[in-house]
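The next block holds one structure in the form of structure tokens; read it before the comments.
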Amino acid sequence: MEVRDCLISAPGKAILHGEHAVVHGKVALAVSLNLRTYLKLKARSDGKVCINLPNIDTFVCWELSELKQLTSSKLQRLDAELVKRLRKFIGVTNENLDSSASAILAFLYIYLSLFGSGDMPSLTVSVWSELPTGAGLGSSAAYSVCLAAAFLCATGNIPTPLKEWEQTGRWCQEDLELINSWAFQGEKIIHGNPSGVDNALLLENHPLIIRVPLLRILLTNTKVPRSTKVLVARVKDKINKFPSVMIPVLDSVDAISCTCEKVLTEMTCEPITGDHYNILEELIDINQHHLNVIGVGHPSLDMLCQVTAARGLHSKLTGAGGGGCGITLLRPGAGTMKDLRDCGYDCWETSIGGPGVQQHFPSSVKEEIMEVLNRY
């Protein structure tokens, strides 16, 4: 099969409000970030299939003849038997996958499932992300979405959306839904039992998405490792022990999410005022206190809140908590990067409300990103 080179990107995500509440039937408010994961697919002529993941120092190549022995039917649900064969093929013997093994497994699964046992193409896929991995910012979902979009284009299941006069192109809703269905298979391989929210958020036209204004935020990685599984279990344990205490807290978090959604929607259709910022900042503070109450705070996140509060800014954790990342709402002209970097944290100034998955002409992508993607 002859495939065309392509360049695709998908954004990360941040949870503004509702961490852990969604598990208990409450509203979570998540938005896309203007930090993206980029995938470059390049055709080869030497009979090899390669995956290059510089963020996690991974580069692997296989002969097509090896992969043809592992083929699968094009199922829309996870093929457990294929996953088992692939785990054995890449040498994974335990249940817990590291980030490199997870990424390779998702790549091989989507590649083999979509190309099937026919004329499988020789190609190199290189993926580089502006997102830190394992920090609760949807880097795995962005990776799975990019893989699905690239391979669906290569097989002709969806068209190339780029027009000659455009630098970027986006797919129609029907094509996005197909991308989403295959990206979810990748997320299942990486996370086991994901909600599907992360990959759906990256598609932009999905019903879960609300319109939000382009607001500046500071994204801070405390670099404290945490386990989402452990943190979710901790919240459930507290609810079981103290239901009359914890359920009202989750109800309040639900109300915070709904109020924030209302304010953000207003900000998209009328001039943004200081009152809008005041309400969002109050909701951020209230939500962060609630998150400490339900047991997912961490001293590193408390320090983030203290440092930014000294500058008149408002912060909260995003994702599972227990470390990981926090977000700070930035009013025009505000910034606190130096103070937070002095604490040993990594920081990025970015914005929320960016576009979902899209295809690019190379000239529309930053030179430094293309330099990384072009190394292989």
- Tyr277 side, atom OH; Leu313 side, atom CG - distance, nearest 0.5 Å: 11.0 Å
- Item | Residues clustered with Leu214, ILVMFWY side-chain links under 4.5 angstrom | none
- Message: Between Thr124 and Arg44, do the side chains contain a donor N or O and an acceptor N or O under 3.5 Å apart?
- Response: yes
- Message: Phe115 vs Leu67, test: side chain to side chain contact (heavy atoms under 4.5 Å, CB included). Steps then yes/no.
- Response: CA-CA 11 Å; Phe115 288 106; Leu67 298 184; over 6 Å; no
- Query: Got Asp237 and Ile239 here, is their nearest side-chain heavy-atom distance under 4.5 Å?
  - Reply: no
- Determine yes or no for a side-chain-to-main-chain donor-acceptor pair under 3.5 angstrom, with Lys316 supplying the side chain and Leu16 the backbone. yes
- Query: Which heavy-atom pair separates Lys13 from Gly138 by the least distance, and what is that distance?
  - Reply: CE-N, 3.8 Å
- Task: Determine yes or no for a side-chain-to-main-chain donor-acceptor pair under 3.5 angstrom, with Asn240 supplying the side chain and Lys236 the backbone.
- Result: yes
- Phe59: what forms a ring pair (Phe, Tyr, Trp, His ring centres under 6.0 Å) with it, not counting sequence neighbours? Tyr376
- Val263 vs Met267 side-chain heavy atoms within contact, under 4.5 Å: yes
- Message: The criterion is salt bridge (Lys or Arg N to Asp or Glu O under 4.0 Å); which residues satisfy it with Asp275, sequence neighbours excluded?
- Response: none
- Note on the structure: Excluding Val224, membership of its hydrophobic cluster (Ile, Leu, Val, Met, Phe, Trp, Tyr; side-chain heavy atoms within less than 4.5 Å) reads none
- Identify the two heavy atoms, one from Thr308 and one from Leu340, that lie closest to each other, and give their separation to 0.1 Å. CG2-CD1, 4.1 Å
- Thr350-Asn34 side chain donor-acceptor pair, cut-off 3.5 Å: no
- Can you name the nearest heavy-atom pair linking Cys343 to Val307, along with the distance? SG-CG2, 4.0 Å
- Message: Using side-chain heavy atoms (C-beta onward) and a distance below 4.5 Å, is Cys6 in contact with Ile8?
- Response: yes
- Task: Assess the side chains of Thr222 and His298: does a donor N or O sit below 3.5 Å from an acceptor N or O?
- Result: no
- Message: Would a single hydrophobic cluster contain both Phe361 and Val357, if residues Ile, Leu, Val, Met, Phe, Trp and Tyr are joined by side-chain heavy-atom contacts under 4.5 Å?
- Response: no
- So if you build clusters from Ile, Leu, Val, Met, Phe, Trp, Tyr with side-chain heavy-atom gaps below 4.5 Å, do Leu162 and Leu41 land together? no
- Query: Has Glu367 got more than 12 heavy atoms of other residues, nucleotides or ligands less than 6.0 Å from its CD?
  - Reply: no
- State, without any angle test, whether Ser140 and Glu187 hold a side-chain donor-acceptor pair at a distance under 3.5 Å. yes
- Task: Output every pair passing side chain to side chain donor-acceptor pair (under 3.5 Å) with a member in residues 53-64, not counting sequence neighbours, ordered by first then second residue.
- Result: Thr58-Ser100
- Task: Taking the side chain as every heavy atom from C-beta outward, state whether Leu33 and Pro11 have any pair of such atoms under 4.5 Å apart.
- Result: no
- Message: Contact between Asp46 and Ser122 at the side-chain level, heavy atoms closer than 4.5 Å - yes or no?
- Response: yes
- Task: Please check if Ile284 and Val253 belong to a single hydrophobic cluster, counting links between Ile, Leu, Val, Met, Phe, Trp and Tyr side chain heavy atoms closer than 4.5 Å.
- Result: no
- Message: Using the rule that Ile, Leu, Val, Met, Phe, Trp and Tyr join whenever any side-chain heavy atoms are under 4.5 Å apart, tell me whether Val296 and Phe242 fall into a single cluster.
- Response: yes
- Query: Lys223: what forms a salt bridge (Lys or Arg N to Asp or Glu O under 4.0 Å) with it, not counting sequence neighbours?
  - Reply: Asp346
- Query: In chain order, what residues pass the side-chain hydrogen bond (donor to acceptor under 3.5 Å, both in side chains) check against His276, with sequence neighbours excluded?
  - Reply: Glu270, Thr273
- Query: Can you check whether Thr37's main-chain N or O pairs, donor with acceptor, with Glu130's side chain at less than 3.5 Å?
  - Reply: no
- Item | N/O donor-acceptor pair under 3.5 Å between Arg216 side chain and Arg331 backbone | yes
- Task: Assess the side chains of His360 and Ser9: does a donor N or O sit below 3.5 Å from an acceptor N or O?
- Result: yes
- Note on the structure: Output for pair (Leu215 CG, Leu264 CG), nearest 0.5 Å, gives 6.5 Å
- Task: Please examine the side chains of Asn292 and Asp302, heavy atoms only from C-beta on, and report whether any two atoms are closer than 4.5 Å.
- Result: yes
- Message: Could you tell me if the side chain of Thr328 sits less than 4.5 Å from the side chain of Ile217, heavy atoms only?
- Response: no
- Would you find more than 12 non-hydrogen atoms of other residues, nucleotides or ligands less than 6.0 Å from Glu81 atom CD? yes
- Measuring from Arg341:CZ to Cys347:SG, what's the distance to the nearest 0.5 Å? 5.5 Å
- Shortest non-hydrogen separation from Leu53 to Tyr143 and the atoms involved: CD2-CE1, 3.7 Å
- Could you tell me which non-hydrogen atom of Tyr345 sits nearest to which non-hydrogen atom of Ser300, and how far apart they are? OH-O, 2.8 Å
- Message: Please check this pair: side chain of Ser126 against backbone of Asn52, looking for a donor-acceptor N/O pair closer than 3.5 Å.
- Response: no
- Contacts of Ser257 that satisfy side-chain contact (heavy atoms from CB on, under 4.5 Å) - sequence neighbours left out: His17, Val27, Leu29
- Task: Answer whether the closest heavy-atom distance between the side chains of Leu283 and Ile279 falls below 4.5 Å.
- Result: yes
- State plainly whether one hydrophobic cluster holds both Ile190 and Ile104, where clusters connect Ile, Leu, Val, Met, Phe, Trp and Tyr through side-chain heavy atoms under 4.5 angstrom apart. yes
- Taken to the nearest 0.5 Å, the spacing of Glu281 CD from Leu329 CG works out to 5.5 Å
- Lys40: what forms a salt bridge (Lys or Arg N to Asp or Glu O under 4.0 Å) with it, not counting sequence neighbours? none
- Task: Measure the CD1-CG distance between Ile110 and Leu147 for me, rounded to the nearest 0.5 Å.
- Result: 5.0 Å
- Walk me through it: do Leu250 and Asp254 pass the test side chain to side chain contact (heavy atoms under 4.5 Å, CB included)? CA-CA 6 Å; Leu250 293 174; Asp254 181 82; over 6 Å; no
- Task: Output yes when Glu371 and Lys366 qualify as a salt bridge under the 4.0 Å nitrogen-oxygen rule, no when they do not.
- Result: no
- Message: Once rounded to the nearest 0.5 Å, what's the spacing between atom NE2 of His290 and atom CE of Met246?
- Response: 10.5 Å
- Query: How are the rings of Phe107 and Tyr111 set to each other: parallel, tilted or perpendicular (split at 30° and 60°)?
  - Reply: parallel
- Shortest non-hydrogen pair, Leu64 vs Pro121, comes out as CD2-O, 3.6 Å
- Query: Can you tell me if Ser252 uses its side chain to pair, donor with acceptor, with the backbone of Pro248 under 3.5 Å?
  - Reply: no
- Task: Give me the other members of the hydrophobic cluster that Ile369 sits in, counting Ile, Leu, Val, Met, Phe, Trp and Tyr linked by side-chain heavy atoms under 4.5 Å, directly or via other members.
- Result: Leu7, Tyr38, Trp128, Val365, Met370, Val372, Leu373
- Residues at least two apart in sequence or cross-chain that pass disulfide (SG to SG under 2.5 Å) with Cys61, listed by chain then number, are Cys50
- Would you check if there is a donor-acceptor pair between the side chains of Thr168 and Gln359 at a distance under 3.5 Å? no
- Task: Name all residues meeting the side-chain contact (heavy atoms from CB on, under 4.5 Å) criterion together with Ile158; count only those two or more places apart in sequence or in a different chain, and write none if there are none.
- Result: Leu152, Cys153, Trp171, Asp175, Leu178, Ile179
- Give a yes or no on whether the backbone of Pro355 and the side-chain of Arg36 come within a donor-acceptor separation of less than 3.5 Å. yes
